[in-house]
Amino acid sequence: MKFLPWVSLFFSILWASTVAAIPSRTTDKRASSPFVSTSGPGFVVNGSSLKYIGTNAYWLPTLNTNEDIWNTLGNISALGIKVIRLWAFNDVDTIPVNGTWFQLIKDGTVSVNDGPNGLQKLDTVIQMAEQRGLYVILSLTNNWYPFVNSTNSTTSGTNNSSIRNYLSNNYGGMDLYVRQFGLQNHDQFYTNSSILTSFMNYTTQVVSRYVNSPSVFSYELANDPRCNSTLPASPTCTTETITTWHATVAAHIRSIDPNHLISSGVGGYLCTDCPKLYPLTPAPAPPATSPAPGKKKRSQAKPVTREQILREQSERRRRNREAAKRAGTLVEDGVRIRGRWVSTATKRQQTSTTGTLYDGSYGVDSQDISNIPDIGFSSFQLFPDQQSYGPDDPNVAPWQSVEQNGAQWITTQAQSASAVGKPSVLTGFGLVTQTNAPSFVPFNSTVAPFADADPNPTSYGVTSQEQADTYTSWLDTGIAAGLNGIVQYQWGQSDLTAEPGTTVTPSTTTSESPTPSSPGEAPTPQETTGESPNDGYSITGSTTVQQILGSASQSIAAD
Ligand SMILES: *[C@@H]1O[C@H](CO)[C@@H](O)[C@H](O)[C@H]1NC(C)=O
Ligand SMILES: *[C@@H]1O[C@H](CO)[C@@H](O)[C@H](O)[C@H]1NC(C)=O
Ligand SMILES: *[C@@H]1O[C@H](CO)[C@@H](O)[C@H](O)[C@H]1NC(C)=O
Ligand SMILES: *[C@@H]1O[C@H](CO)[C@@H](O)[C@H](O)[C@H]1NC(C)=O
Ligand SMILES: *[C@@H]1O[C@H](CO)[C@@H](O)[C@H](O)[C@H]1NC(C)=O
Ligand SMILES: *[C@@H]1O[C@H](CO)[C@@H](O)[C@H](O)[C@H]1NC(C)=O
Ligand SMILES: *[C@@H]1O[C@H](CO)[C@@H](O)[C@H](O)[C@H]1NC(C)=O
Ligand SMILES: *[C@@H]1O[C@H](CO)[C@@H](O)[C@H](O)[C@H]1NC(C)=O
Ligand SMILES: *[C@@H]1O[C@H](CO)[C@@H](O)[C@H](O)[C@H]1NC(C)=O
Ligand SMILES: *[C@@H]1O[C@H](CO)[C@@H](O)[C@H](O)[C@H]1NC(C)=O
Ligand SMILES: *[C@@H]1O[C@H](CO)[C@@H](O)[C@H](O)[C@H]1NC(C)=O
């Protein structure tokens, strides 16, 4: 493996504390079980440790044929990928004519669809995953649900009417509950007892189907839970609101299912200075003698602090400046505009705060959530097109700033998980390429902002080579920092069966058409096959990324 020099520096600090964890197999009763469990900072299944590369495919249960599901799982598994993260929710306020849906939420009442176009589709995915030797992370609801008018099953209020279930944020979720229960604030999802009862009812019905299924890796409580969504937060929403909700729902799941891990699904935001509901207990004093060979114990890392983040940022900035000075390319300052670097004469203020990643602004304290006893592992996400992970550095290319900030986020998260003494999983990471830019829809939106707004198709996004370099760096960084799972966002599959009113619809124009059809031209015949949904991160046809994931699967398994 090769690392950038500054990355190696982080590792030398973290290496001793976060890597080379060997689970003590004899002490854990569940260690020889076929269900994935944890032993200290590692995952264990059938008595062996498990580290993995995964991918996201939220749309898997919405595919139109079992053969499509089977082939998709086969293509994923062929790369050595072990885990697929997907949506185990699909809420509607109006029953759609065609397509898959799991739960009707309407005027304060809920009902679950366990028919063939309902939870039975999820059953199929899970059975086939087991046959393919794959695990699934089942996410139970979503923070993100933009304004959707589902009277005719398409989104409205935008100039881009994607089909229902096409976008990852169009599967119902928290804001749908809030609206259908006649409430106004996003965080009432976490606190209103009627909603909580309904959500736990749904959770019961999903979880009780899979209690004995070894292919469930974990139940993830929600995708990216936080105080805000497209509905605003109430002023009373704090990190304690969201931590308490996690503890309540996790305890509920644990009461139904003793076999499976439960995880959060948060973006990973920390609050270094917030009060804790689940304070860390100080690590026990190290033994006086060194442990026996093969019984090497990992000493717990210290919790992440603001001072540390700032020190690491300024240290990295200094190294980049020195490298630029040596190369004769030193730049004082500039700004990044839509992914492109623009130098400016005005010197901007040096960042002297850690920003929203570490101050609890989103109502998330990932360390406190990870330390809830029923939460099995620490999790986080990395989406630089939707969240800044640190200041831009004028002395490296913009994509390199993104890469370096992302790598620092990864090592910081590994440290935070280690402080809690649990495994750490990156449950979603992705970078939008120029090719994918026209399809990119941010999670709080239904509009692809670069779809038709700009005549220049390369005005947003990284090149495929920059994406490949960044993914390689993040995977290397994550493996070296001791992450137990790294899950790319998102899989892409072609040659799927198309049907009207579903995620894979017959198109009237061929997307591969080299020339745009001229006005007045008769529509080409309907396609009977199509591609899986793409909200900006799909890797359909990207053999480079597939190879990177395949080789990372080998590295992490050998780690
Ligand atoms: C665990 O052991 C069971 C029973 O021997 C077996 O069916 C299953 O495939 C094993 N799972 C893994 C991941 O090795
Ligand atoms: C991959 O998917 C294609 C259909 O797109 C299918 O023909 C092929 O058998 C799949 N490969 C595996 C290994 O399952
Ligand atoms: C729980 O779910 C069942 C089945 O969908 C439904 O009939 C019932 O009304 C729900 N109960 C509550 C309290 O939401
Ligand atoms: C939703 O769409 C329908 C039909 O397009 C329209 O009649 C209705 O007013 C819309 N609802 C909202 C809340 O915009
Ligand atoms: C569905 O709603 C969208 C947005 O309001 C509208 O443009 C479209 O024509 C409607 N489709 C049908 C079939 O009513
Ligand atoms: C919860 O929501 C219901 C409406 O569905 C409302 O009647 C009730 O007052 C709310 N409870 C609280 C504590 O706000
Ligand atoms: C979505 O998020 C972006 C980035 O945080 C923000 O600028 C924008 O205002 C948000 N839009 C909505 C509709 O919440
Ligand atoms: C909600 O979002 C707004 C705007 O992004 C932000 O100023 C505020 O701090 C957020 N509040 C919470 C509780 O997350
Ligand atoms: C709408 O979005 C889809 C995918 O997000 C994209 O493929 C399509 O080009 C967009 N259409 C328009 C008219 O913006
Ligand atoms: C479509 O959306 C884009 C980006 O949100 C916007 O710039 C453009 O003006 C919109 N076009 C129409 C016709 O509304
Ligand atoms: C539902 O599917 C049928 C059969 O494929 C099709 O004829 C019909 O147009 C579809 N309806 C909608 C609203 O997509």
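No experiment lies behind these values; they were computed from the predicted model shown. Remember, it's 1-based here, ligands and their atoms both numbered in the order they're listed.
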Donor-acceptor pair between Q467 and T433 side chains, under 3.5 angstrom: no

Short side-chain donor-acceptor distance under 3.5 Å, S168 and D535: yes

Contact atoms of ligand 2, heavy-atom distance to Q493 under 4.0 Å: 2 (O), 5 (O)

Could you go through ligand 3 and list every pair where one of its N or O atoms sits under 3.5 Å from a protein N or O, giving the atom names and the distance to one decimal?
{"residue": "ligand 3", "atom": "2 (O)", "partner": "N201", "partner atom": "OD1", "Å": "3.2"}
{"residue": "ligand 3", "atom": "2 (O)", "partner": "N201", "partner atom": "ND2", "Å": "2.5"}
{"residue": "ligand 3", "atom": "2 (O)", "partner": "Q205", "partner atom": "NE2", "Å": "2.8"}
{"residue": "ligand 3", "atom": "5 (O)", "partner": "V112", "partner atom": "N", "Å": "2.9"}
{"residue": "ligand 3", "atom": "11 (N)", "partner": "N201", "partner atom": "ND2", "Å": "2.5"}
{"residue": "ligand 3", "atom": "14 (O)", "partner": "N201", "partner atom": "ND2", "Å": "3.1"}

Per-atom contacts of ligand 11 with G501, taking only distances under 4.0 Å to non-hydrogen atoms: 14 (O)

Close-contact set for ligand 2 against R132 heavy atoms, below 4.0 Å: 14 (O)

Nitrogen or oxygen of W70 less than 3.5 angstrom from that of ligand 2: no

Y52 ring center near F217 ring center (under 6.0 Å): yes

Non-neighbouring partners of F102 that pass ring pair (Phe, Tyr, Trp, His ring centres under 6.0 Å), sequence neighbours left out: none

Pair Y202 + F89: ring centers closer than 6.0 Å: no

Ring centres under 6.0 angstrom apart (F181, F189): no

Value rounded to 0.5 Å, distance of CG in N223 from OH in Y171: 12.5 Å

